[in-house]
Amino acid sequence: HRLIRRQRQMCIRDRFIFNTGENAASENNIPTSGQFEEDSSDTLTTIQSIALKNEIKEHEFEAENIAQKNFELLTQAIQAFTTNENIDILLNNVIEEILKIIPAHNIALFQKDEKGILSLKVHKQAQGITESFSFSRSIIRKVANEKKALLIEDTSKSDKFNKEASIVNYDIKSVMCSPLLYHDELIGVIYMDTHGIVESFNRSSLQLLTGISSAAASAIHSSMMMEKIKKQAIYLQNANYQMMFTLANTIEARDHYTAGHTWRVTRFSEIIARMMGWPEEKIIALRIGGVLHDIGKIGVPDSIIQKPSKLTEEEYEIMKSHPKRGSMILKEAGCLTEAIPYILYHHERFDGKGYPYQLKGKEIPIEGRIMAVADAFDAMTSDRPYRKAIPTEKAIQILKENAGTQFDPDIVSLFCKAYENGLVNEIIQNYRTSKTSIVCPFCSTSISIPPDAKEKDIDMICPICDHKYKIEYSEKGFCAVRKE
């Protein structure tokens with residue numbers, strides 16, 4: 001207004017001088033009062049119009065700058081939200097990104113659980129803030145119930161919240177709160193405040209927070225769904241494992257001579273794989289394949305499985321069908337498919353004379369080559385209906401003699417090295433005839449009983465299947481009890 005008044009005075013003066021001239025003295029050259037008012041009014045209107053246009057342009061420019069800056073900040077924050085990570089990491093990233101963009105003393109994220117209860121998941125404070133965190137529950141409830149963002153620039157001027165204990169006791173002056181909504185479904189709330197400073201947040205801050213909240217809600221929902229799917233998959237996978245392992249143990253139970261065979265083959269195979277530097281995820285798949293490698297024998301009659309003498313050609317052909325039968329069981333079940341190479345190829349020979357496909361050399365998948373050595377070694381060192389177990393040293397010698405023909409020479413070399421280093425001995429089945437052995441309640445392997453087992457109950461871990469159990473002693477003898 002001062003600028004407009006000054007410009008008006010200057011314009012009137014210039015107009016008066018222009019009309020009178022330096023030597024003018026006549027009254028006729030001086031504008032009348034009517035003329036003066038009319039001309040000055042037009043000039044004022046022009047000046048005001050120009051000033052208003054300039055002011056509008058300045059506001060538009062400022063608004064564009066703010067909008068552009070907010071867009072850049074919002075884009076930066078959204079890029080930090082990834083839906084393929086752990087939900088806890090994601091929640092932490094959300095509030096860290098917001099705190100980078102919108103300064104505050106406190107920021108917290110509340111997540112709704114399956115029961116519909118909001119609970120504090122993540123909280124951060126600005127540097128220098130030492131007092132304990134407190135928040136306005138009524139503000140969070142209001143935002144959650146109404147599903148609308150809330151901005152309180154000065155809590156002392158809010159009749160509804162100015163007397164709330166947390167606001168008064170902790171001198172909370174400015175509050176901003178936004179719901180986390182996914183398709184109108186509330187999944188959480190973001191809360192921010194400052195202590196002792198009013199008007200810390202404004203409409204621009206609120207718009208930025210709601211924009212980030214919208215993107216965060218989508219990322220959080222996706223991450224929650226992924227975790228839910230993972231949990232369901234793990235549950236189903238564990239159920240499938242238990243079902244298949246029970247089935248494998250059931251097959252072994254048909255012939256007490258093969259008790260614990262699948263578990264020992266698994267442990268031998270694991271030793272080889274670890275010496276080859278396999279990662280843990282491949283070791284897990286190997287364990288599954290090892291336990292299930294003979295699952296196809298479920299289709300082989302007991303008369304063949306338990307026959308104490310040599311099989312006829314016809315019986316041998318039926319026995320040779322178990323790798324294909326086993327792989328078909330897993331394919332039809334649609335689960336544990338990572339075990340199929342162990343099941344399908346463990347009877348192939350390095351010279352191409354094995355079954356079911358007569359693969360040769362490196363044509364045989366590595367899973368089959370490893371399992372072939374482990375399976376043969378356990379078969380030789382365990383009792384069978386038609387013969388007694390071969391001494392360990394002789395079994396090692398047989399592996400060496402057949403390296404390059406029946407077995408992959410590199411795998412044989414690794415296994416022999418493991419034996420020399422003492423990694424194989426504790427797994428070998430050599431306790432069946434011992435008077436101080438007991439059968440593991442999980443894998444049915446005979447396990448040596450410690451000498452002090454009569455004095456007290458002993459907690460044990462089976463060296464074959466890694467399950468925990470307890471050995472109890474009574475007048476009737478020893479008993480192995482499962483531990484959950």
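- Shown here are the side chain to side chain contact (heavy atoms under 4.5 Å, CB included) partners of Ala403, two or more places apart in sequence or in another chain: Pro409, Val412.
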Taking only distance into account, with no hydrogens and no angle test, what donor-acceptor pairs under 3.5 Å do side-chain atoms of residues 273-284 form with protein atoms, sequence neighbours excluded?
{"unit_1": "Arg274", "atom_1": "NE", "unit_2": "Glu270", "atom_2": "OE2", "d": "3.1"}
{"unit_1": "Arg274", "atom_1": "NH1", "unit_2": "Glu280", "atom_2": "OE1", "d": "3.4"}
{"unit_1": "Arg274", "atom_1": "NH2", "unit_2": "Glu270", "atom_2": "OE2", "d": "3.2"}
{"unit_1": "Arg274", "atom_1": "NH2", "unit_2": "Glu280", "atom_2": "OE2", "d": "3.4"}

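- What you find for Val189 and Ile140 is that their closest heavy atoms are CG1-CG2, 4.2 Å.
- When only modelled atom types and interatomic distance are considered, Asn421 and Tyr419 share no side-chain donor-acceptor pair under 3.5 Å.
- Between Thr337 and Lys331 the shortest side-chain heavy-atom distance does not fall below 4.5 Å.
- For His346 and His322, the ring centers sit closer than 6.0 Å to each other.
- Between Arg349 and Asp351 there is a salt bridge, with a side-chain nitrogen of the basic residue lying less than 4.0 Å from a carboxylate oxygen of the acidic one.
- Listed for the Ser174 side chain is a donor-acceptor partner under 3.5 Å among the backbone atoms of Ile197.
- Leu150 and Leu206 make their closest contact through O-CD1, 4.0 Å (heavy atoms, listed as atom of the first residue, atom of the second, distance).
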For Leu286 and Glu338, run side chain to side chain contact (heavy atoms under 4.5 Å, CB included): C-alpha distance rounded to whole Å, both residues' side-chain angles, the deciding distance at 0.1 Å, then the answer. CA-CA 8 Å; Leu286 179 147; Glu338 63 269 32; over 6 Å; no
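- In terms of heavy-atom proximity, Ile212 sits nearest to Ile101 at CD1-CD1, 3.9 Å.
- Looking at Leu151, Asn106, Ile139 one by one, the single match for side-chain contact (heavy atoms from CB on, under 4.5 Å) with Val175 turns out to be Ile139.
- Between the side chains of Ser382 and Arg264, at least one donor N or O lies within less than 3.5 Å of an accepting N or O.
- The CD1 atom of Ile288 sits 9.5 Å away from atom CG of Leu330, with the distance rounded to the nearest 0.5 Å.
- Qualifying ring-ring contact (aromatic ring centres under 6.0 Å, His included) partners for Tyr182, counting only residues two or more places apart in sequence or in other chains: His221.
- Residues that satisfy the salt bridge (Lys or Arg N to Asp or Glu O under 4.0 Å) test with Asp184, not counting sequence neighbours, are Lys147.
- Considering only heavy atoms from C-beta on, Ile187 stays 4.5 Å or farther from Leu181 through its side chain.
- Scored by the ring-ring contact (aromatic ring centres under 6.0 Å, His included) test, Phe415 finds Phe268, Phe377 as partners (sequence neighbours excluded).
- For the salt bridge (charged side-chain N to carboxylate O under 4.0 Å, His left out) condition, the pairs that include at least one residue of residues 117-129, sequence neighbours left out, are Glu96-Lys124.
- Within the model, atoms CD1 of Ile102 and CG of Leu99 stand 9.0 Å from one another, a figure rounded to the nearest 0.5 Å.
- Contacts classified as salt bridge (charged side-chain N to carboxylate O under 4.0 Å, His left out) and involving residues 402-416 (residues at least two apart or in different chains) are given here: Arg369-Asp408.
- In this structure, the side chain of Asn402 does not engage the main chain of Gln406 through any donor-acceptor pair within 3.5 Å.
- Rounded to the nearest 0.5 Å, atoms CD1 (Ile98) and CG (Asn93) are 11.0 Å apart.
- The two residues Gly289 and Ala339 make their nearest non-hydrogen contact at CA-CB, 3.6 Å.
- Of all heavy-atom pairs between Ser200 and Thr194, the closest is OG-OG1, 2.9 Å.
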Report, one line per pair, each donor and acceptor closer than 3.5 Å where one atom sits in a side chain of residues 354-367; sequence neighbours left out.
{"unit_1": "Tyr355", "atom_1": "OH", "unit_2": "His347", "atom_2": "ND1", "d": "3.4"}
{"unit_1": "Gln358", "atom_1": "NE2", "unit_2": "Gly354", "atom_2": "O", "d": "3.2"}
{"unit_1": "Glu363", "atom_1": "OE1", "unit_2": "Lys360", "atom_2": "N", "d": "3.1"}

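- Here CG of Leu209 is found 4.5 Å from OG of Ser178. Values are rounded to the nearest 0.5 Å.
- Contact annotation: the side chain of Ile318 approaches that of Pro301 to within less than 4.5 Å [non-hydrogen atoms, C-beta and beyond].
- Within the structure, every pair that satisfies the salt bridge (charged side-chain N to carboxylate O under 4.0 Å, His left out) test and touches residues 311-328, not counting sequence neighbours, is listed here: Lys307-Glu315, Glu317-Lys320.
- Remark: side-chain polar atoms of Asp378 are not paired, donor with acceptor, to backbone N or O of Ala374 under 3.5 angstrom.
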Could you walk me through whether Ile298 and Ile329 pass the side chain to side chain contact (heavy atoms under 4.5 Å, CB included) check? CA-CA 10 Å; Ile298 194 172; Ile329 290 171; 3.7 Å; yes
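- Residues satisfying the side chain to side chain contact (heavy atoms under 4.5 Å, CB included) test with Ala108, not counting sequence neighbours, are Phe110, Leu120, His123, Phe133.
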Criterion side chain to side chain contact (heavy atoms under 4.5 Å, CB included) on Val143 and Lys148, from CA distance to verdict: CA-CA 5 Å; Val143 171; Lys148 292 182 181 180; over 6 Å; no
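- Under a 3.5 Å cut-off, the side chain of Ser218 and the backbone N or O of Ala215 do not form any donor-acceptor pair.
- A distance of 5.0 Å separates CG in Leu109 from CD1 in Ile190, rounded to the nearest 0.5 Å.
- Considering only heavy atoms from C-beta on, Leu180 stays 4.5 Å or farther from Leu186 through its side chain.
- The closest side-chain heavy-atom distance from Tyr191 to Phe135 is below 4.5 Å.
- Evaluation of the salt bridge (Lys or Arg N to Asp or Glu O under 4.0 Å) rule for Lys112 yields no partner, not counting sequence neighbours.
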Residues Leu292, Ile343; criterion side chain to side chain contact (heavy atoms under 4.5 Å, CB included); working and verdict: CA-CA 7 Å; Leu292 301 179; Ile343 296 170; 4.2 Å; yes
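- Side-chain atoms of Asn202 come within 3.5 Å of backbone atoms of Ser204 as a donor-acceptor pair (strictly under, hydrogens ignored).
- Judged as a side chain to side chain contact (heavy atoms under 4.5 Å, CB included), and not counting sequence neighbours, Ser214 has no contacts.
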Applying salt bridge (Lys or Arg N to Asp or Glu O under 4.0 Å), run through Glu420 and Lys417 and close with a yes or a no. CA-CA 5 Å; Glu420 293 167 3; Lys417 184 177 181 180; over 6 Å; no
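- Summarising the geometry, atom CD1 belonging to Ile89 is positioned 9.0 Å from atom OG belonging to Ser223; distances are rounded to the nearest 0.5 Å.
- Contact record, Leu90 with Ala219: CD2-O, 3.4 Å, taken as the closest heavy-atom pair.
- Counting heavy atoms from C-beta outward, Thr392 and Val424 have side chains that stay 4.5 Å or more apart.
- At least one side-chain heavy atom of His195 sits less than 4.5 Å from a side-chain heavy atom of Asp193.
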